[in-house]
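Worksheet for the structure shown next.
Counting starts at 1 for both ligands and their atoms, in listed order.
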Amino acid sequence: MTLVAGVDSSTQSCKVVIRDAGTGALVRQGRAAHPDGTEVDPEAWWTALSEAIEQAGGLDDVAAVSVAAQQHGMVCLDESGKVVRKALLWNDTRSARAAVDLVEELGGPAKWAEAVGSVPVASFTVSKLRWLAEHEPDSARRTASVCLPHDWLTWRLGGAAGELVTDRGDASGTGYWSPATGEYRTDLLRAAFGSVPQLPRVLDPRDGAGEVRLARDPGPGARLAPGTGDNMAAALGVGALPGDVVVSIGTSGTAFAVARTPSADPTGIVAGFADATGRFLPLVCTLNAARVLDAAARMLGVGLDRLDELALSAPSGAGGLVCVPYLEGERTPNLPDATGSLHGLTLGTSTPAHLARAAVEGMLCHLADAFDALGIDPARVLLIGGGARSKAVRRIAPAVFGRPVVVPTPGEYVADGAARQAAWLLAGSEEPPTWPAGGTEVYEADPAPSVRARYAEVRGLS
Ligand SMILES: Nc1ncnc2c1ncn2[C@@H]1O[C@H](COP(=O)(O)OP(=O)(O)O)[C@@H](O)[C@H]1O
Ligand SMILES: O=C(CO)[C@@H](O)[C@H](O)COP(=O)(O)O
């Protein structure tokens, strides 16, 4: 049996799966937590990855490894390859003003969409680099190269030697690489940052990224696949086909689809990303998703299972109580300084059950807005991510989305997608290897348009 490893280094944690390259069967797995916060020393990702690998039984018998990670994070390295400052993550909104300035300077959002398929908001690497140049000029001066979390972890796995590499999917989240032309827009980077640091070489989906070289293992190691952004890996892991929309409820909420042609939304709501197979991945991202449920459970002093029970015991629409869940500011709509709010508190709705229901419905209405913005009438809506483990989410989602939702067996689809990419590298085939599809459950419910309507009424008041 030939083994492959897939890594998901996402916002809250690092997960490693080890699978049979031929059948896709899960053999071993491990996970470790990431620190809280929107700026993180990349060394903490390395520590978590090492712990998760150890827990998964090591890589000694693994033939290929691929790393998928949270998109957009700004990792700046100096001449000697040392990290210049903590990485600013996708959900760090200090670069919001920088994004506004960049959009204005290029002549408006449509110009950016045309140039790189997306319009910068605080999340994009290009906005973070502008922020760095303006607020920490010393760090900016010491920055010899810039890469993304998955690029940096891949480089570390390769022994922190040799060139930095990335892939189309993750490069498309920088704001200075065009999915339509497949080229860096160093002119945009220079205009944003004042200079052009060294950038990772963008690999094709089937290229190799070297070999794993860990200090304790001086011999030839496993082959490294290009890796990709976590959403691109999730599309591969869940086996999304053109015609599907995937809704992921992780730290971020995302709605995305596999497309054959690049997109360029001049409103900036849909980011025109590339995927990990040579296709494209139009995507809408929110800053607030699974952690809305964590916050509601914390406020109620209960665990997530009890939150589910409470939410399911309350009436649809929570008696008019609506939660607008902008707890970390928001990216879609672009309201970086927004806060969350509750509308419709009465004596009747002041109960734990109503609050739990409002949190679940508010989070889902927010995601349904993201789904609508994609403008796709899909054959299937697939619900994945940590939040899809919630019974209340699975039961209420079809009512809020107004259509059935397909919930794949809870699993680590980002890490699985990375593992599939690693198996693809070994196979050398035209398309990724086909692994048997896992189980799914279809959830159906009567549509509840009044829940969406009430949410739409109050969302602008936040
Ligand atoms: N049963 C559950 N009910 C609700 N939320 C859950 C459940 N299990 C996990 N989660 C939430 O999912 C989130 C983690 O999801 P994940 O997709 O791993 O995030 P990320 O990839 O962004 O780190 C956490 O906020 C966690 O509380
Ligand atoms: O910024 C985006 C997508 O553009 C986020 O989806 C990040 O990629 C973080 O993902 P999770 O940690 O929530 O999976």
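Between Phe371 and Phe401, the ring planes lie perpendicular to each other; the angle is over 60°, past the 30° to 60° tilted range.
Between Gln70 and ligand 2, not a single N/O pair is under 3.5 Å apart. At under 3.5 Å, not a single nitrogen or oxygen of Trp90, backbone or side chain, sits near a nitrogen or oxygen of ligand 2. Note: no N/O pair closer than 3.5 Å links Arg291 and ligand 1 by distance alone. For ligand 1, the polar-atom distance check against Gln12 finds a nitrogen or oxygen pair separated by under 3.5 Å.
Note on Asp369 versus Arg459: salt bridge recorded, some NZ/NE/NH1/NH2 to OD/OE distance being below 4.0 Å. Ion pair Glu309/Arg306 flagged as a salt bridge, since at least one NZ, NE, NH1 or NH2 atom sits closer than 4.0 Å to an Asp/Glu carboxylate oxygen. The pair Glu51-Arg31 fails the salt-bridge criterion, with no side-chain N (NZ, NE, NH1 or NH2) lying under 4.0 Å from an Asp/Glu carboxylate O. Glu39 has no carboxylate O lying under 4.0 Å from a charged side-chain N of Lys128, or vice versa, which leaves the two without a salt bridge. Using a cutoff of 4.0 Å between basic side-chain nitrogens and carboxylate oxygens, Arg206 and Asp167 are not scored as salt-bridged. In this structure, Arg389 pairs ionically with Glu412, as a charged nitrogen and a carboxylate oxygen lie closer than 4.0 Å.
In summary, the atoms of ligand 1 found under 4.0 Å from a heavy atom of Gly385, numbered by their order in the structure, are 17 (O). Within ligand 2, the atoms closer than 4.0 Å to a non-hydrogen atom of Thr11 are 9 (C), 11 (P), 12 (O), numbered from 1 in the order shown. The atoms of ligand 2 that sit less than 4.0 Å from any heavy atom of His72 are 1 (O), 2 (C), 3 (C), 4 (O). Heavy-atom contacts of Phe273 reach the following atoms of ligand 2: 4 (O) (cutoff under 4.0 Å). In the vicinity of Leu304, heavy-atom distances shorter than 4.0 Å reach the ligand 1 atoms 2 (C), 3 (N), 4 (C), 5 (N), 6 (C), 7 (C), 27 (O). Each of the atoms 7 (C), 8 (O), 9 (C), 10 (O), 11 (P), 12 (O), 14 (O) of ligand 2 lies under 4.0 Å from some heavy atom of Asp230. Counting atoms of ligand 1 from 1 in the listed order, those under 4.0 Å from a heavy atom of Ser10 are 20 (P), 21 (O), 23 (O). Atoms of ligand 2 lying under 4.0 Å from any heavy atom of Asn231, numbered from 1 in the order shown and given with element: 3 (C), 5 (C), 6 (O), 8 (O). Residue Thr254 has at least one heavy-atom neighbour below 4.0 Å for each of these atoms of ligand 2: 6 (O).
The CG atom of Leu189 lies 8.0 Å from the OG1 atom of Thr174; values are rounded to the nearest 0.5 Å. Expressed to the nearest 0.5 Å, how far CD1 of Ile396 lies from CG of Leu312 amounts to 5.0 Å.
Both the sub-6.0 Å distance and the 45° axial angle are not jointly satisfied by Arg97 relative to the ring of Trp131. Both tests do not hold together for Arg130 against Phe124: distance to the six-membered ring centre under 6.0 Å, angle to the ring axis within 45°.
Judged purely by atom type and a 3.5 angstrom limit, Glu330 uses its side chain to pair as donor or acceptor with the backbone of Leu287.
The nearest heavy-atom contact from the protein to atom 5 (C) of ligand 2 is Ser252 OG, 3.4 Å. Of the protein's non-hydrogen atoms, the one nearest atom 4 (C) of ligand 1 is Ser390 CB, 3.6 Å. The protein non-hydrogen atom at the shortest distance from atom 13 (C) of ligand 1 is Ala290 CB, 3.6 Å. Ranking the protein heavy atoms by distance from atom 20 (P) of ligand 1 puts Thr251 OG1, 3.5 Å first.
If you look at Asp294 next to ligand 1, the close heavy atoms, those under 4.0 Å, all belong to the side chain. At a heavy-atom distance under 4.0 Å, only side-chain atoms of Lys15, from C-beta outward, approach ligand 1.
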(request) Could you give me the CA-CA distance, side-chain angles and deciding distance for Phe280 and Asp275, then say whether side chain to side chain contact (heavy atoms under 4.5 Å, CB included) is met? (result) CA-CA 5 Å; Phe280 300 91; Asp275 83 345; 5.9 Å; no
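Not a single heavy atom of Ala271 sits closer than 4.0 Å to an atom of ligand 2. Using a non-hydrogen distance threshold of 4.0 Å, Arg331 registers as a contact of ligand 2.
By heavy-atom distance, the residue among Ala415, Ala392, Gly386 lying nearest atom 6 (C) of ligand 1 is Gly386.
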